[in-house]
**Q** 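Take a look at this one; I'll ask things after.
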Amino acid sequence: MATFKAWVVEKGEGGQSLSFRDFDEADLMEGDVTVRVTHSTLNYKDGLAMTGKSPVVRRFPMIPGIDFSGIVETSEHPAYRPGDAVVLTGWGVGETHLGAYAERARVKGDWLVPLPEGLSAAQAMAIGTAGYTAMLCLMALDHHGVKPEHGPALVTGASGGVGSVAVALLARAGWHVFASTGRDSEAEYLRGLGAAEILDRAELSGTPKPLAKERWAAAIDAVGSTTLANVLAMTRADGAVAACGLAQGMDLPTSVAPFILRGVSLLGINSVTTPQPKRREAWGRLSRELDLDKLAAMTTTVGLSDVADLAEEILAGRTRGRTVVAMA
């Protein structure tokens, strides 16, 4: 068996440690497909896994990295053959199953999707879990029946990964997009993605009222906590909020008022164990509906050996858009 380069999280008496080292292919976990990883990406959860600031990693040693694109090397799964281009997001990879910050991965074929037509492996990881989650949010809003003619849409954490793709998708779908950010310097960037108005996140940071002035018909929230409570209080009657993140916290200091007095709906988004039909629908829509020029404008690329340097940056909210991790 060969060795390959990987980031490895280990835990000892002194706590968690992270190292970039050779990893033996014989130590990969069980799975019916082995993939030569060509690209991964950086997500908030990856930052937590690498720093140990939240108990994301539940098996040691662990290779972090929750999503990848690559080429099938060997397969015992009927849907995949050597040479197939594939994408993986979620399913506990990088948490309970050895993950993507490595040159090889062995996983269950049922976790994979074929690389969507029209996307390169690098573009698929520029989208990654963050962009895929943004599309699941848009699909939930569509399914709920809320439309651009009902009013504006808000995106919180707009300069982050989920937020950047959400802004671009909503604008492409015809929404008047409010982009909430705490960084004035990102206003031009967000307008370039399609934001019509920039909202200072301080407007969503105060103590939430049960109800506040109605401002938007729909929202995609990647922040949680007080921000989400304020978003709900300001959502128009019969509007909907898709919630997919917890950058500010897991708590939700709100009341039932938005739900029973305005008929607001809170739509929970789980991107980890999404069933295959919805997963493939989301990737198909991304390949058709996401402006690839805007995707390129929100994307930077780093090498595998450099990704750990960004762990603290993404947790502190100092990264912008999407970061692709190239294996070579």
Side-chain angles (χ1 to χ4, degrees), residues 44 54 130 133-134 136-167 169-171 173-187 190-191 193-271 315-318:
Y44 191 85
S54 181
T133 301
L136 290 178
C137 290
L138 179 58
M139 289 166 57
L141 294 173
D142 289 346
H143 182 75
H144 184 77
V146 65
K147 302 180 184 298
E149 53 265 33
H150 297 156
L154 168 73
V155 176
T156 65
S159 60
V162 174
S164 293
V165 179
V167 169
L169 288 172
L170 287 166
W175 289 89
H176 180 98
V177 180
F178 283 86
S180 171
T181 181
R183 294 182 280 176
D184 293 340
S185 59
E186 301 293 8
L190 291 168
R191 289 192 176 95
L193 297 181
E197 299 186 51
I198 308 301
L199 185 73
D200 191 324
R201 70 181 177 199
E203 294 189 45
L204 302 172
S205 298
T207 301
K209 299 177 181 179
L211 292 173
K213 181 180 178 181
E214 297 177 63
R215 301 186 66 178
W216 33 77
I220 294 176
D221 174 66
V223 178
S225 192
T226 299
T227 293
L228 178 54
N230 277 302
V231 170
L232 290 165
M234 299 178 191
T235 300
R236 295 185 180 185
D238 297 318
V241 177
C244 64
L246 45 67
Q248 191 176 58
M250 293 186 66
D251 60 316
L252 184 56
T254 189
S255 72
V256 298
F259 311 116
I260 66 172
L261 298 180
R262 287 185 181 161
V264 172
S265 295
L266 179 59
L267 311 175
I269 306 300
N270 166 29
S271 66
L315 296 185
R318 292 192 292 264

**Q** Listing request: all salt bridge (Lys or Arg N to Asp or Glu O under 4.0 Å) pairs with a residue in residues 223-248, at least two apart in sequence or in separate chains.
**A**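 For residues 223-248, and leaving out neighbouring residues, there are no salt bridge (Lys or Arg N to Asp or Glu O under 4.0 Å) pairs at all.
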
**Q** Using 0.5 Å steps for rounding, measure from the NE2 atom of His176 to the CG atom of Leu154.
**A**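 Here the interatomic distance stands at 11.0 Å.
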
**Q** Considering residues at least two apart in sequence or located in another chain, which fulfil the side-chain hydrogen bond (donor to acceptor under 3.5 Å, both in side chains) criterion with Glu203?
**A**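 Applying side-chain hydrogen bond (donor to acceptor under 3.5 Å, both in side chains) to Glu203 gives Arg215.
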
**Q** Which pair of non-hydrogen atoms, one from Ala219 and one from Val231, has the smallest distance, and what is that distance?
**A**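 Shortest heavy-atom separation between Ala219 and Val231 comes out as CB-CG1, 3.6 Å.
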
**Q** If every non-hydrogen atom of Thr235 is compared with every non-hydrogen atom of Glu214, which pair is closest and at what distance?
**A**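 For Thr235 versus Glu214, the nearest heavy atoms are O-CG, 4.1 Å.
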
**Q** Could you report the tightest heavy-atom contact between Pro148 and Ala173, atom names first, then the distance?
**A**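 Distance-wise, the nearest heavy atoms are CG-O, 3.7 Å.
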
**Q** Could you go through residues 243-271 and list every donor-acceptor pair under 3.5 Å that involves a side-chain atom there, pairing it with any protein atom two or more places apart or in another chain?
**A**
unit_1 : atom_1 : unit_2 : atom_2 : d
Gln248 : OE1    : Thr226 : N      : 3.2
Gln248 : OE1    : Thr227 : N      : 2.9
Gln248 : OE1    : Thr227 : OG1    : 3.1
Gln248 : NE2    : Thr227 : OG1    : 3.4
Asp251 : OD1    : Ser225 : OG     : 2.7
Asp251 : OD2    : Ser225 : OG     : 3.2
Ser255 : OG     : Ala257 : N      : 3.1
Arg262 : NH1    : Ala212 : O      : 2.9
Arg262 : NH1    : Ala233 : O      : 2.8
Arg262 : NH2    : Ala212 : O      : 2.7
Asn270 : OD1    : Val272 : N      : 3.0
Asn270 : ND2    : Thr273 : OG1    : 2.9
Ser271 : OG     : Thr133 : OG1    : 3.3

**Q** Do Leu315 and Tyr44 have side chains that get closer than 4.5 Å, going by heavy atoms?
**A**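 Touching, per the 4.5 Å side-chain cut-off.
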
**Q** Can you tell me how far apart OG1 (Thr156) and CG (Asn230) are? Round to the nearest 0.5 Å.
**A**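 Answer rounded to 0.5 Å: 11.0 Å.
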
**Q** Nearest 0.5 Å, what's the CZ-CG distance between Arg201 and Leu199?
**A**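 With rounding to 0.5 Å, CZ (Arg201) is 11.5 Å from CG (Leu199).
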
**Q** Provide the closest heavy-atom pair for Ala171 versus Leu193 in the form atom of the first, atom of the second, distance.
**A**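 Minimum heavy-atom separation between Ala171 and Leu193: CB-O, 4.2 Å.
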
**Q** Heavy-atom distance under 4.5 Å between the side chains of Ile198 and Glu186, does that happen here?
**A**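 Not in contact.
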
**Q** Nearest 0.5 Å, please: how far is CG in Asp142 from SG in Cys137?
**A**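 Between Cys137 SG and Asp142 CG, I get 11.0 Å after rounding to 0.5 Å.
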
**Q** Got a second to check how far Leu211's CG is from Lys213's NZ, nearest 0.5 Å?
**A**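 Reported to 0.5 Å precision, the distance equals 14.5 Å.
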
**Q** Output the distance between atom CE (Met139) and atom NE2 (His144), rounded to the nearest 0.5 Å.
**A**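 NE2 of His144 is found 16.0 Å from CE of Met139.
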
**Q** Does Trp175 reach the side chain of Val155, with side-chain heavy atoms less than 4.5 Å apart?
**A**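 No, their side chains stay 4.5 Å or more apart.
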
**Q** Would you say the side chain of Ile220 lies within less than 4.5 Å of the side chain of Leu141, judging by non-hydrogen atoms?
**A**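 In contact.
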
